[in-house]
Amino acid sequence: QVQLVESGGGLVQPGGSLRLSCAASGFTLDYYSIGWFRQAPGKERERVSCISASDGSTYYADSVKGRFTISRDKAKNMVYLQMNSLKPEDTAIYYCASVNAPVRKCYVFFEYDYWGQGTQVTVSS
C-alpha cells in the first residue's frame with residue numbers, strides 16, 4: 001500500500017541541473033520523513049539528503065551541500081530534490097525512501113522503511 005516512485009533522472013552535462021521527484025502514496029508527509037539516497041557502481045549507498053516530517057528541517061551530505069536542495073509539497077504528497085552544479089561523481093541511481101518519524105529529525109534515522117525503484121542520473125559531457 002505504501003509506495004514511492006522516483007522520476008526526473010536522465011543525462012545532464014557537468015554544471016547542469018536536474019530535479020528529481022518522489023511521489024508518495026499510502027502515507028502523509030506530516031508523519032513520514034523522506035530521504036534521498038544514491039548508489040553508484042562500486043560505491044556504498046550514500047544518504048544524500050532528507051527532510052523531516054515534523055517541521056520540514058533538512059539534512060545534506062557534505063558532498064552535495066550547497067548544490068542540492070530538498071523540498072516537499074504536502075498537498076501533492078511529493079518530495080523533490082533539486083540538483084544544481086552537477087558533477088560526474090554525482091552519477092548514480094537515486095532512491096527516495098520514507099520512515100515513520102513524526103517528531104524526530106530525519107538525520108537521526110539510519111534505517112528507512114520503504115523505498116522507491118530508483119531513477120538513474122548520469123552526469124557526463
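Predicted model only: the values in this text are computed from it and were never measured.
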Tell me the ring pair (Phe, Tyr, Trp, His ring centres under 6.0 Å) pairs involving residues 39-59, sequence neighbours left out?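 As it turns out, there is no ring pair (Phe, Tyr, Trp, His ring centres under 6.0 Å) pair with a partner in residues 39-59 once direct neighbours are skipped.
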Sequence neighbours excluded, every pair satisfying ring pair (Phe, Tyr, Trp, His ring centres under 6.0 Å) that has a member inside residues 14-36: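 Ring pair (Phe, Tyr, Trp, His ring centres under 6.0 Å) check on residues 14-36 returns Phe27-Tyr32.
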If every non-hydrogen atom of [X] is compared with every non-hydrogen atom of [Y], which pair is closest and at what distance?
X	Y	result
Tyr60	Lys65	O-CE, 3.6 Å
Val48	Val64	O-CG2, 3.6 Å
Ser17	Asn84	OG-OD1, 2.8 Å

Pair Thr119, Ser7: side-chain N/O donor-acceptor within cut-off below 3.5 Å: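 Ser7 and Thr119 do not have a side-chain donor-acceptor pair below 3.5 Å.
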With no hydrogens and no angle check, do the side chains of Ser63 and Glu46 hold a donor and an acceptor under 3.5 Å apart?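 Yes, Glu46 and Ser63 have a side-chain donor paired with an acceptor closer than 3.5 Å.
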Pairs in or reaching into residues 114-125: which pass salt bridge (charged side-chain N to carboxylate O under 4.0 Å, His left out), with residues at least two apart or in two chains?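 Listed once each, the pairs would be none.
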Which residue pairs pass the salt bridge (charged side-chain N to carboxylate O under 4.0 Å, His left out) test with at least one member in residues 7-21, sequence neighbours excluded?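 Found none.
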Using side-chain heavy atoms (C-beta onward) and a distance below 4.5 Å, is Gln13 in contact with Val123?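 A side-chain contact is absent here, since even the closest heavy-atom pair is not under 4.5 Å.
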Got a second to check how far [X]'s [atom1] is from [Y]'s [atom2], nearest 0.5 Å?
X	Y	atom1	atom2	result
Lys76	Ser21	NZ	OG	9.5 Å
Ile70	Cys96	CD1	SG	9.0 Å
Met78	Ile34	CE	CD1	11.0 Å

Selection residues 58-89 - residue pairs positive for disulfide (SG to SG under 2.5 Å), sequence neighbours left out: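 For residues 58-89, and leaving out neighbouring residues, there are no disulfide (SG to SG under 2.5 Å) pairs at all.
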Side chain of Arg72, backbone of Ser33: donor and acceptor closer than 3.5 Å?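 Looks like no, no N/O pair under 3.5 Å.
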With sequence neighbours left out, write down each residue that passes side-chain contact (heavy atoms from CB on, under 4.5 Å) with [X], or none if nothing qualifies.
X	result
Gln117	Val5, Glu6
Ala40	Lys43, Ala92
Asp30	Thr28, Lys74
Ser124	Leu11, Thr122

Would you give me the side-chain donor-acceptor pairs under 3.5 Å for residues 101-114, sequence neighbours excluded?
{"unit_1": "Lys105", "atom_1": "NZ", "unit_2": "Asp55", "atom_2": "OD1", "d": "3.2"}
{"unit_1": "Lys105", "atom_1": "NZ", "unit_2": "Asp55", "atom_2": "OD2", "d": "2.2"}
{"unit_1": "Tyr112", "atom_1": "OH", "unit_2": "Cys106", "atom_2": "O", "d": "3.2"}

Does a sphere of radius 6.0 Å around CD in Gln39 hold more than 12 heavy atoms from other residues, nucleotides or ligands, not counting ones at 6.0 Å or beyond?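 Atom CD in Gln39 is crowded, with more than 12 foreign heavy atoms closer than 6.0 Å.
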Does [X] share a hydrophobic cluster with [Y], counting links as ILVMFWY side-chain heavy atoms below 4.5 Å and allowing steps through other members?
X	Y	value
Ile51	Val99	no
Val79	Phe68	yes
Phe37	Leu20	no

Residue pairs passing the side-chain hydrogen bond (donor to acceptor under 3.5 Å, both in side chains) test where at least one lies in residues 90-103, sequence neighbours excluded: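 Counting only pairs at least two positions apart or across chains, the side-chain hydrogen bond (donor to acceptor under 3.5 Å, both in side chains) contacts touching residues 90-103 are Arg38-Asp90, Arg38-Tyr94, Arg67-Asp90.
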Step-by-step side-chain contact (heavy atoms from CB on, under 4.5 Å) determination, Leu81 to Thr69: CA-CA 6 Å; Leu81 185 68; Thr69 303; over 6 Å; no
So Gln82 and Ser71, side-chain contact (heavy atoms from CB on, under 4.5 Å) or not? Walk me through it. CA-CA 8 Å; Gln82 178 67 46; Ser71 62; over 6 Å; no
